[in-house]
Amino acid sequence: MTRNIERRGLLLVLSSPSGAGKSTLSRLLLEKDKNITLSVSMTTRTPRPGEKDGVDYNFVSTEEFVNLVKQDGFLEHAKVFDNYYGTPAAPVEKALKEGSDVLFDIDWQGTQQLSQKVAKDLVRVFILPPSKHELARRLKERAQDSAEVVAKRMSKASEEISHWDGYDYIIVNDDLQKAEQQLFAILQAERLNRERQTGLVSFVHKIIGEE
Ligand code: 5GP
């Protein structure tokens, strides 16, 4: 019989420069594992074609965003490429309470803020592209943004990459299937972390007959 030992939920952060495959990897992880839910960020940027409000992001006005900042409603928030992005606290707290792990697709600034708030249960993963050339190719191929935006993102990529050492795990995404397996392995291993398994003491006591 498999036993579910009680444990605290973990907060899995994925960061990378745009074009390193982070969105694909988070989608694959969410499809594969039903015990982790995505934290849907709030942003002031305009939706790209195909993006759905409430699914990819909650798209809001600057006024709405600032209001939530004033109400202290964000776990973290930051300005990225001239737009505001933030993680609303309430849905994350709800998911954790319901026993789910939570996945975050946020930048290094948000990761730093989360590290200060919830250090213990945070698992930080940085995705690197295999090369600068491949990163440029992926950004161009995506071509949902204007050439000007792509160029700006390319120059921002090295800035984002320079924060790689603030993360616990680094995945080089040169093969999507391999990167997916590595990400899943990190999640599985972190779920077995001793300190996070709050039910272990009573579980062990039962095994050795002290309860
Ligand atoms: P994009 O506009 O391409 O969807 O996202 C741009 C960058 O903003 C990405 O690096 C993404 O991880 C980051 N981002 C998305 N949501 C959040 C958030 O809630 N907080 C922070 N700090 N960054 C975010």
Side-chain angles (χ1 to χ4, degrees), residues 11-30 37-62 64-69 71-96 102-118 122-129 135-136 138-164 166-167 169-171 173 179 183:
L11 297 88
L12 182 67
V13 169
L14 278 192
S15 298
S16 76
S18 333
K22 179 180 47 171
S23 317
T24 312
L25 280 171
S26 34
R27 184 174 48 74
L28 290 172
L29 187 69
L30 292 164
T37 53
L38 179 69
S39 158
V40 180
S41 296
M42 216 172 246
T43 182
T44 58
R45 92 153 155 70
T46 42
R48 298 197 187 106
E51 282 185 330
K52 288 198 188 89
D53 190 27
V55 177
D56 299 289
Y57 281 104
N58 287 309
F59 296 98
V60 295
S61 65
T62 305
E64 283 174 278
F65 195 96
V66 170
N67 275 341
L68 198 61
V69 173
Q71 291 164 30
D72 200 21
F74 285 110
L75 269 185
E76 63 74 32
H77 62 90
K79 197 172 184 189
V80 191
F81 312 123
D82 304 329
N83 286 301
Y84 293 105
Y85 294 81
T87 303
V92 175
E93 283 155 9
K94 183 167 176 276
L96 289 172
V102 184
L103 179 66
F104 299 82
D105 173 341
I106 61 176
D107 81 330
W108 67 272
Q109 304 174 79
T111 308
Q112 274 192 356
Q113 292 173 40
L114 279 188
S115 301
Q116 280 155 15
K117 277 196 176 164
V118 287
L122 199 63
V123 179
R124 300 163 300 184
V125 182
F126 198 87
I127 320 269
L128 283 173
L135 179 66
R138 287 182 197 171
L139 278 179
K140 276 180 204 137
E141 194 183 76
R142 198 155 81 169
Q144 287 191 357
D145 295 307
S146 68
E148 190 197 338
V149 172
V150 171
K152 204 169 170 188
R153 282 181 180 228
M154 199 55 208
S155 75
K156 280 266 178 185
S158 37
E159 189 196 323
E160 181 79 25
I161 289 173
S162 72
H163 296 281
W164 65 276
Y167 289 76
Y169 297 92
I170 311 294
I171 294 176
N173 183 12
L183 182 59

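In each ligand, atom 1 is the first atom listed, and ligand 1 is the first ligand listed.
- Interface of Gly110 with ligand 1, defined as ligand atoms under 4.0 Å from a residue heavy atom, comprises 22 (N).
- Contact annotation: for Ile106 versus ligand 1, heavy atoms closer than 4.0 Å belong to both the backbone and the side chain.
- Looking only at distances, a side-chain donor or acceptor of Gln113 sits under 3.5 Å from a matching main-chain atom of His77.
- Only the side chain of Lys22 comes within contact range of ligand 1, with a heavy atom under 4.0 Å; no backbone atom does.
- Taking a cut-off of under 4.0 Å to the non-hydrogen atoms of Ala78, the atoms of ligand 1 that pass are 22 (N).
- For ligand 1, the atoms closer than 4.0 angstrom to any heavy atom of Thr87 are 19 (O).
- Residue contacts with ligand 1: Ser18 is placed with no nitrogen or oxygen under 3.5 Å of a nitrogen or oxygen of the ligand (distance criterion only).
- Ligand 1 does not have Phe104 within reach: every non-hydrogen atom of the residue lies 4.0 Å or more from it.
- The shortest N/O to N/O separation between Tyr57 and ligand 1 falls below 3.5 Å.
- Of the heavy atoms in Arg48, only side-chain atoms (C-beta onward) come closer than 4.0 Å to ligand 1.
- Taking all atoms of both residues into account, the shortest heavy-atom contact from Met42 to Phe65 is O-CE1, 3.6 Å.
- A salt bridge does not link Glu160 with Lys22: every distance from a Lys NZ or Arg NE/NH1/NH2 to an Asp or Glu carboxylate oxygen is 4.0 Å or more.
- Residue contact check: Arg45 has heavy atoms under 4.0 Å from atoms 1 (P), 2 (O), 4 (O) of ligand 1.
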